[in-house]
2 protein chains.
Amino acid sequence: MTATDAQRGPVTTEPTPPTSPVASELLAAPVAGTFSRSRALRPTGKVLPEHARTHNRALVLQTLYSAGPQSRADVARETGLTRVTISDLVAALIAEGLVIELGQREDARPGKPATLIDVDRGAFHIIGVDLSEHEVFRGAVVGLDGQIIERDEIARDAATGEAAVLLVDRLVERLLARTSTPVLGIGIGSPGVVDPLGVVRSAPNLGWSDVALQERLAERFALPVHVANDANVGVLAEHGSSHHDDLLLIKIGHGVGAGLIIGGRPVVGGGFAAGEIGHVVVGTDGGPRCACGKAGCLETWLAVPRLTARLAAAGAQGEAAASARDDILREAGRRLGIVLAPVVGALNLSEVVLSGPAELLDGPLHEATVDTLRKRTMAEFNRDLRLRMSEQAEDIVLRGAAVMVLSGQLGVS
Amino acid sequence: MTATDAQRGPVTTEPTPPTSPVASELLAAPVAGTFSRSRALRPTGKVLPEHARTHNRALVLQTLYSAGPQSRADVARETGLTRVTISDLVAALIAEGLVIELGQREDARPGKPATLIDVDRGAFHIIGVDLSEHEVFRGAVVGLDGQIIERDEIARDAATGEAAVLLVDRLVERLLARTSTPVLGIGIGSPGVVDPLGVVRSAPNLGWSDVALQERLAERFALPVHVANDANVGVLAEHGSSHHDDLLLIKIGHGVGAGLIIGGRPVVGGGFAAGEIGHVVVGTDGGPRCACGKAGCLETWLAVPRLTARLAAAGAQGEAAASARDDILREAGRRLGIVLAPVVGALNLSEVVLSGPAELLDGPLHEATVDTLRKRTMAEFNRDLRLRMSEQAEDIVLRGAAVMVLSGQLGVS
DNA sequence: CACGTTTGTTAGTAAACCTTACGAACAAAC
DNA sequence: GTTTGTTCGTAAGGTTTACTAACAAACGTG
């Protein structure tokens with residue numbers, strides 16, 4: 001192993017080498033949940049004992065990751081595996097540098113004192129990149145727990161096509177230079193349609209079509225790279241703080257997009273365009289003209305530039321202006337509720353999360369959305385539906401990108 | 001084994017005994033896809049080699065089931081497992097009576113002639129029951145290939161509550177008496193909200209709330225019983241003929257419901273009420289009053305009684321009446337499209353299926369739905385969306401119920 | 001008829017997890 | 001201070017699973 005390897009990659013060449021991609025999905029996906037297309041009925045693959053091992057390895061890692069330092073015996077009880085098997089798996093994980101022993105447990109209990117073990121949370125860093133903002137590409141060095149360690153950003157200056165790719169390149173390079181800890185992988189949230197191989201099929205804002213971002217960066221930096229749509233990445237971050245298996249994230253910024261997790265698994269969609277609801281028409285009474293040619297698209301009601309422009313037009317001073325601003329926000333919320341109602345109804349969602357500028361979303365808009373949803377769906381079925389603001393604020397894509405890498409590389413989230 | 005067992009049940013006491021329910025889901029669900037709640041992230045279970053075995057067993061069965069008679073070597077090539085392993089698995093399946101040898105292959109090829117094997121398609125029958133119609137409970141004895149062997153029905157006579165349960169009892173009893181072949185299990189599609197344990201949480205039309213249908217019937221008939229919502233059952237039947245992993249079924253009858261498969265897995269929803277879209281409000285221009293208290297619910301536009309009443313009011317004779325009838329159907333289709341647009345957009349669905357009276361649905365209504373969907377979603381993302389009529393006609397729930405049993409008991413569909 | 005091909009089985013091996021058993025280390029009770 | 005019971009981690013041995021290697025049987029082909 002060279003010094004570069006030691007600095008940049010995990011100890012093993014491949015932390016989770018999927019012998020058969022299909023089987024690895026079967027086993028790892030329910031624990032993790034990357035955006036690889038879940039192959040289903042017809043061509044399902046075989047499962048070998050070694051795949052079971054891979055799954056159990058991830059299970060141990062997940063247990064430690066989410067419950068923190070504990071003894072091998074604790075992990076055994078939690079997972080249902082025997083102490084013997086846990087010892088074996090943990091030994092392998094320690095050899096790989098993913099788990100460390102922390103010494104003996106302090107508290108006074110009968111019996112032999114436990115040796116605490118934990119995921120070595122300082123062992124790796126993750127590079128997260130957010131390409132969803134219009135003016136700037138943001139990136140961060142993220143710790144295994146999701147904490148932001150270093151930030152960096154690079155002005156986009158309306159760069160498109162190859163120039164934009166080079167900016168991403170430069171940003172990642174700068175971020176890598178900022179950490180001396182081995183890097184587990186690079187996670188990128190991009191606008192547009194991204195396929196499971198990390199090819200940006202189409203991102204009009206960036207002038208990208210069929211840009212093999214994952215391949216290019218993986219080659220350039222010799223690290224695992226995961227790329228997905230920004231909203232789909234965002235919902236991963238939100239999923240961490242939520243205990244629901246069904247989750248819809250509405251990401252409102254320059255455009256409007258959604259990320260969706262159903263049954264604990266991210267939804268990608270037949271054409272990899274799941275969540276692209278910005279250009280769904282709302283209501284049956286027309287609406288503002290949209291750049292896409294239609295009228296009354298969700299974006300025309302809800303996109304931040306539209307909202308701010310409309311609020312500015314309503315004026316800043318006086319009671320009448322305040323009331324007008326409230327009406328604007330309320331109407332936007334109502335429109336969102338109208339689009340969400342069929343989705344919430346069809347999927348019987350238990351949680352919807354809003355992400356975007358809190359000063360716009362977290363007030364009359366939020367209230368109106370809740371209100372509209374209640375009025376337009378069957379209350380009996382959707383009684384426990386929660387609509388809440390994101391807890392991740394601005395960093396939702398960065399942290400989601402980290403979660404994506406964590407999922408993809410370690411089967412942990 | 002008693003004679004009754006031999007006649008009613010599979011040869012083994014439990015064809016697919018899930019040692020750990022969670023692990024069985026992990027392994028069998030992608031192949032099968034029952035309506036058991038897919039447990040996800042946090043409490044994922046261990047996977048033992050024996051679970052891998054269970055999965056591979058189902059894989060062999062699935063291969064034989066869908067590709068028909070073939071040699072062990074063929075199955076080995078298809079699944080990626082070795083001939084040795086396949087021989088072993090097949091031996092077990094033959095011992096269980098699920099697979100039979102058909103003699104040597106006829107065609108002339110070099111090498112030792114192959115012994116053909118196949119699922120013993122005559123080994124079991126399945127009881128399918130459809131409780132979704134308003135006036136009658138329908139049932140059938142269904143073959144493993146989904147063919148209807150015997151039919152029966154029982155007039156509901158507005159029975160509700162316990163009386164309705166007893167009718168189901170009687171219907172199943174009569175169906176069981178009609179076959180002397182061992183029965184693999186009983187599948188039931190019920191209106192309302194059904195939880196994964198087969199408890200009908202709420203079915204207003206039948207006056208049911210928290211009726212433990214699965215438990216009662218399983219006890220009464222000593223057979224595996226699977227119960228789910230009628231539309232959710234229906235989509236299973238449709239999934240067989242479709243090669244898509246994402247599928248939405250809209251079932252239009254006395255009410256309007258939907259069944260949804262995403263990533264090859266049925267969607268149940270947080271409150272087990274996924275697909276309950278009948279009372280989602282359509283559009284922003286009001287609409288007919290609904291029994292639920294709201295106005296403009298999807299059902300008020302689309303439910304068969306409403307449609308037929310409106311068509312009758314338009315008159316039967318003359319060109320003007322025909323045009324008015326067309327308008328009514330077109331408006332209904334448009335309303336359906338309005339509700340579907342956000343769902344299709346959010347999930348990037350590739351296939352939507354309509355089930356119900358073809359004379360109402362398969363014409364102007366269908367056209368208007370397609371048209372509306374196209375006008376209200378982003379064409380670029382949903383280019384390959386197909387909206388088609390069901391191929392199952394009236395038997396969709398019966399056959400879906402059979403698929404559900406097949407899935408649940410054998411991991412096959 | 002020799003040869004290559006294909007099938008299905010036998011025998012042995014490797015991996016994974018289990019059960020059983022044990023030593024070490026501790027608290028609590030006597 | 002000793003005994004008792006508990007808990008932890010490990011060792012040894014067994015079972016299950018699927019693999020590789022090898023082979024006999026049965027067939028077409030040249």
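Not measured: the values here are computed from a predicted model.
- Between the CG atom of Leu116(B) and the P atom of dT6(C) there is a distance of 17 Å, given to the nearest Å.
- Between Ile117(B) atom CD1 and dG8(C) atom P there is a gap of 8 Å when expressed in whole angstrom units.
- Remark: Arg77(B) is in phosphate contact with dT7(C), judged by side-chain N or O atoms under 4.0 Å from OP1 or OP2.
- With DNA chain C read from its 5' end, the first of the two nearest nucleotides for Ala73(B) and Lys112(A) is the one closest to Ala73(B).
- Distance CZ (Arg105(B)) to C1' (dT5(C)): 14 Å, rounded to an integer number of Å.
- Taking a cutoff of 4.0 Å between a charged side-chain nitrogen and a carboxylate oxygen, Asp246(B) and Arg265(B) do not qualify as a salt bridge.
- One atom, CD of Glu50(B), and another, C1' of dC17(C), lie 9 Å apart when rounded to the nearest Å.
- Here Thr85(A) reaches the OP1 or OP2 of dC18(C): one of its side-chain N or O atoms lies under 4.0 Å away.
- Here dA25(C) is the nucleotide among dA21(C), dA25(C), dC27(D) with the atom lying nearest to any side-chain atom of Pro113(A).
- Atom CD of Glu101(A) and atom CG of Asp118(A) lie 12.0 Å apart (nearest 0.5 Å).
- With distances taken from any side-chain atom of Arg83(A) to the nucleotides dT7(C), dT10(D), dA18(D), the minimum falls on dT10(D).
- Distance from the side chain of Gln104(A) is smallest to dC26(C) among dC8(D), dC26(C), dG8(C).
- When the shell of 6.0 Å around CD of Glu215(B) is examined, it contains 12 or fewer heavy atoms from other residues, nucleotides or ligands.
- In this structure, Gln70(A) places its CD atom 11 Å from P of dC8(D), rounding to the nearest Å.
- In this structure, Glu219(B) places its CD atom where only 12 or fewer heavy-atom neighbours from other residues, nucleotides or ligands lie under 6.0 Å away.
- Atom CG of Leu102(A) and atom P of dG9(D) are 12 Å apart (whole Å).
- For dA18(D), the OP1/OP2 oxygens have a side-chain nitrogen or oxygen of Asn56(B) closer than 4.0 Å.
- Listed nucleotides dT10(C), dA25(C), dC18(C) differ in distance to Lys46(B); the shortest reach to its side chain belongs to dC18(C).
- Closest approach to the Thr82(B) side chain among dG8(C), dT20(D), dC26(C) is made by dT20(D) (side chain taken as heavy atoms from C-beta onward).
- In this structure, dC30(C) forms a base pair with dG1(D), meeting either the Watson-Crick or the G-U wobble geometry with both donor-acceptor distances under 3.5 Å.
- Here the nucleotide nearest the side chain of Arg53(B), chosen from dG8(C), dT17(D), dC8(D), is dT17(D).
- Taking 4.0 angstrom as the limit, Ser87(B) places a side-chain polar atom (N or O) nearer than this to OP1 or OP2 of dT9(C).
- Side-chain to base pairing of Arg72(A) with dG9(D): no donor and acceptor N or O lie closer than 3.5 Å to each other.
- Nearest to the side chain of Val84(A), among dG8(C), dT20(C), dC17(C), sits dT20(C).
- Atom CG of Leu89(B) and atom P of dT16(D) are 15 Å apart (whole Å).
- Using modelled atom types and a 3.5 Å distance limit, the side chains of Asp74(B) and Ser71(B) yield a donor-acceptor pair.
- The existence of a salt bridge linking Glu50(B) and Arg57(B) is excluded, since no basic side-chain nitrogen approaches an acidic carboxylate oxygen closer than 4.0 Å.
- Closest-nucleotide positions on DNA chain C for Asp88(B) and Leu81(A) were compared, and the one nearer the 5' end corresponds to Asp88(B).
- Between Gly80(B) and Glu101(A), the residue anchored nearer the 5' end of DNA chain D, judged by the nucleotide with its closest heavy atom, is Glu101(A).
- Whole-Å rounding puts the His51(B) NE2 to dA18(D) C1' distance at 17 Å.
- Contact between the side-chain N/O atoms of Thr115(B) and the OP1/OP2 oxygens of dT7(C) is not found at any separation under 4.0 Å.
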